[in-house]
Structures are given as C-alpha cells and as structure tokens.
Amino acid sequence: MATAKVTSLFALVSCLMLFAVSAQAQEAPVEVYWEDLVPPGFNELAPPAVQHNGEMSQIQPDAPVVDTYDGKRVKIPGFVVPLEGTAELTTEFLLVPFFGACIHVPPPPSNQIVYVKFEEGIAIDNIYDAIWVTGELSTEGWKGDIASVGYRLKGEAVEGF
C-alpha cells in the first residue's frame, strides 16, 4: 500500500514538473528592438552618399553582435526584404530596421539585419508594412549577395505592427 502511494505521489510530481517546463517553453517572447542588438560603444558609421550607378556596398559587414538574446525566443519589429519563397509564402527574408534597407539604400551594419527562415513558409501581406517576427534568435551570422548579417531567427510567427 505504501509503495502505491509513493508511486502515485511520484507520478503527480512528475506531471506537475512536466506542466511547468511546458508552460515555461511557451512563455511570451522577449521584445527586442534594434538598439538592443548593438553593443555599447559601437560606432555606427554614417552611410555613404547614395550612388546612382547601382552600387550599394555595406559599410560595416562585420559589426559586432550582442550575445544577450542568443538562443532566446524573441519578438522583433522590422521590414521584410524577401529572399526565397513563392507568391503566396515567403520562406526566407531579411528583417531590417527601416523600409528600403538593402533595396533602395546601402545595407545597414550587419548587427542591424536579421536573417529569418520559416521552414513551411509564411504569408507576408505587404512588404511595405512593418511587422513583428517571433522566433528563436541566434548570433550565428549569414552572408548573401545582398549583405552580411549578424543574426539569424528561426521563425515561428509574423503579425502586423
């Protein structure tokens, strides 16, 4: 009889611990803003004058990153620069702090760009609108034809700003 009570108590405690871990995993993401991704004392150089010959060199492709949010579930606002997907679903994009970055003006420093990947793809209604992107942030960089990037985000959700 005592063994049955101990077993039942152990099962109850195990269930409660599993529930607590599950609830913790689904906690609200940390809101991160662009200034949070820049190390203290980092000197962001002024962008060069706009060239009208099609050249748009990134001025700081190896800018230092902040480790504070590495491996954390975050929510960050920004604008989309599409990279991969279909007309309906975007699977990869760059998240940038202002509209036109990497398209109409030279890319910002690498610590001001996040490479976002959605395994299944996500509908982006209007790339001209700011959005919030939620997912796990990493300080593992990414390099593409457009720019060098300081952060990656494994996308979970997108919502309007």
Side-chain angles (χ1 to χ4, degrees), residues 17-39 42 44-45 47-48 50-161:
M17 288 176 59
L18 182 61
F19 178 74
V21 169
S22 176
Q24 183 180 18
Q26 292 304 316
E27 285 183 14
V30 176
E31 284 189 10
V32 174
Y33 297 92
W34 293 101
E35 59 270 17
D36 299 329
L37 300 177
V38 177
F42 172 69
E44 184 176 335
L45 301 175
V50 175
Q51 304 277 336
H52 294 287
N53 60 5
E55 291 182 23
M56 291 199 314
S57 298
Q58 185 175 12
I59 195 160
Q60 291 176 298
D62 298 312
V65 295
V66 174
D67 293 330
T68 306
Y69 305 103
D70 190 30
K72 301 272 195 288
R73 188 165 177 260
V74 301
K75 180 178 178 180
I76 183 168
F79 293 88
V80 172
V81 177
L83 297 174
E84 295 288 332
T86 65
E88 295 81 28
L89 297 175
T90 302
T91 55
E92 298 176 38
F93 61 88
L94 299 181
L95 188 68
V96 294
F98 55 91
F99 178 76
C102 302
I103 298 174
H104 302 295
V105 296
S110 57
N111 60 14
Q112 293 293 280
I113 307 173
V114 178
Y115 168 80
V116 180
K117 183 167 184 164
F118 280 87
E119 292 297 327
E120 302 296 319
I122 192 94
I124 304 289
D125 295 329
N126 188 348
I127 66 168
Y128 301 107
D129 293 338
I131 60 170
W132 284 96
V133 182
T134 301
E136 184 179 325
L137 191 69
S138 166
T139 55
E140 180 183 342
W142 180 87
K143 189 171 183 120
D145 293 338
I146 296 176
S148 291
V149 177
Y151 300 95
R152 287 182 186 235
L153 190 133
K154 183 178 178 185
E156 294 175 13
V158 168
E159 61 186 270
F161 193 74

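Scope of the values below: all heavy atoms of this structure, side chains included, with no hydrogens, waters or symmetry mates. In this chain, residues are counted from 1 in sequence order.
Between P106 and S57, the shortest heavy-atom contact is CB-O, 3.6 Å. Between D36 and V66, the closest heavy-atom pair is O-CG2, 3.7 Å. Across every non-hydrogen atom of P64 and P39, the tightest pair is O-CD, 3.4 Å. P97 and P108 get closest at one heavy-atom pair: CD-CG, 4.3 Å. Minimum heavy-atom separation, F79 to I127: CD2-O, 4.5 Å.
For residues 141-154, the salt bridge (Lys or Arg N to Asp or Glu O under 4.0 Å) pairs, not counting sequence neighbours, are E140-R152. Sorted by first then second residue, the salt bridge (Lys or Arg N to Asp or Glu O under 4.0 Å) pairs that include residues 122-139, not counting sequence neighbours, number zero. Identified under the ring-ring contact (aromatic ring centres under 6.0 Å, His included) test for residues 111-131, with sequence neighbours left out: F99-Y128, Y115-W142.
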Does the side-chain contact (heavy atoms from CB on, under 4.5 Å) test come out yes or no for L83 and I146, once each step is laid out?
CA-CA 9 Å; L83 297 174; I146 296 176; 3.8 Å; yes
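Atom CD of E35 is separated from atom CD of Q112 by 8.5 Å, given to the nearest 0.5 angstrom. To the nearest 0.5 Å, atoms CD1 (I113) and CG (L95) are separated by 10.0 Å. For the atom pair T90 OG1 and I122 CD1, the distance stands at 9.0 Å (nearest 0.5 Å). Rounding to the nearest 0.5 angstrom, the gap separating the CZ atom in R73 from the CG atom in L153 is 10.5 Å.
Here A157 pairs with T134 under the side chain to side chain contact (heavy atoms under 4.5 Å, CB included) rule; sequence neighbours left out. The side chain to side chain contact (heavy atoms under 4.5 Å, CB included) test applied to D62 returns no partner, not counting sequence neighbours. Residues that satisfy the side chain to side chain contact (heavy atoms under 4.5 Å, CB included) test with E159, not counting sequence neighbours, are K75, W132. E31 pairs by the side chain to side chain donor-acceptor pair (under 3.5 Å) definition with Y33, not counting sequence neighbours. Judged as a side chain to side chain contact (heavy atoms under 4.5 Å, CB included), and not counting sequence neighbours, the contacts of V65 are D67, N111, T139, Y151. Under the salt bridge (Lys or Arg N to Asp or Glu O under 4.0 Å) criterion, E84 pairs with no residue, sequence neighbours left out.
Of the possible polar contacts, none joining the W34 side chain to the I76 backbone as a donor-acceptor pair under 3.5 Å is found.
With a 4.5 Å cut-off on side-chain heavy atoms, L137 and V114 count as touching.
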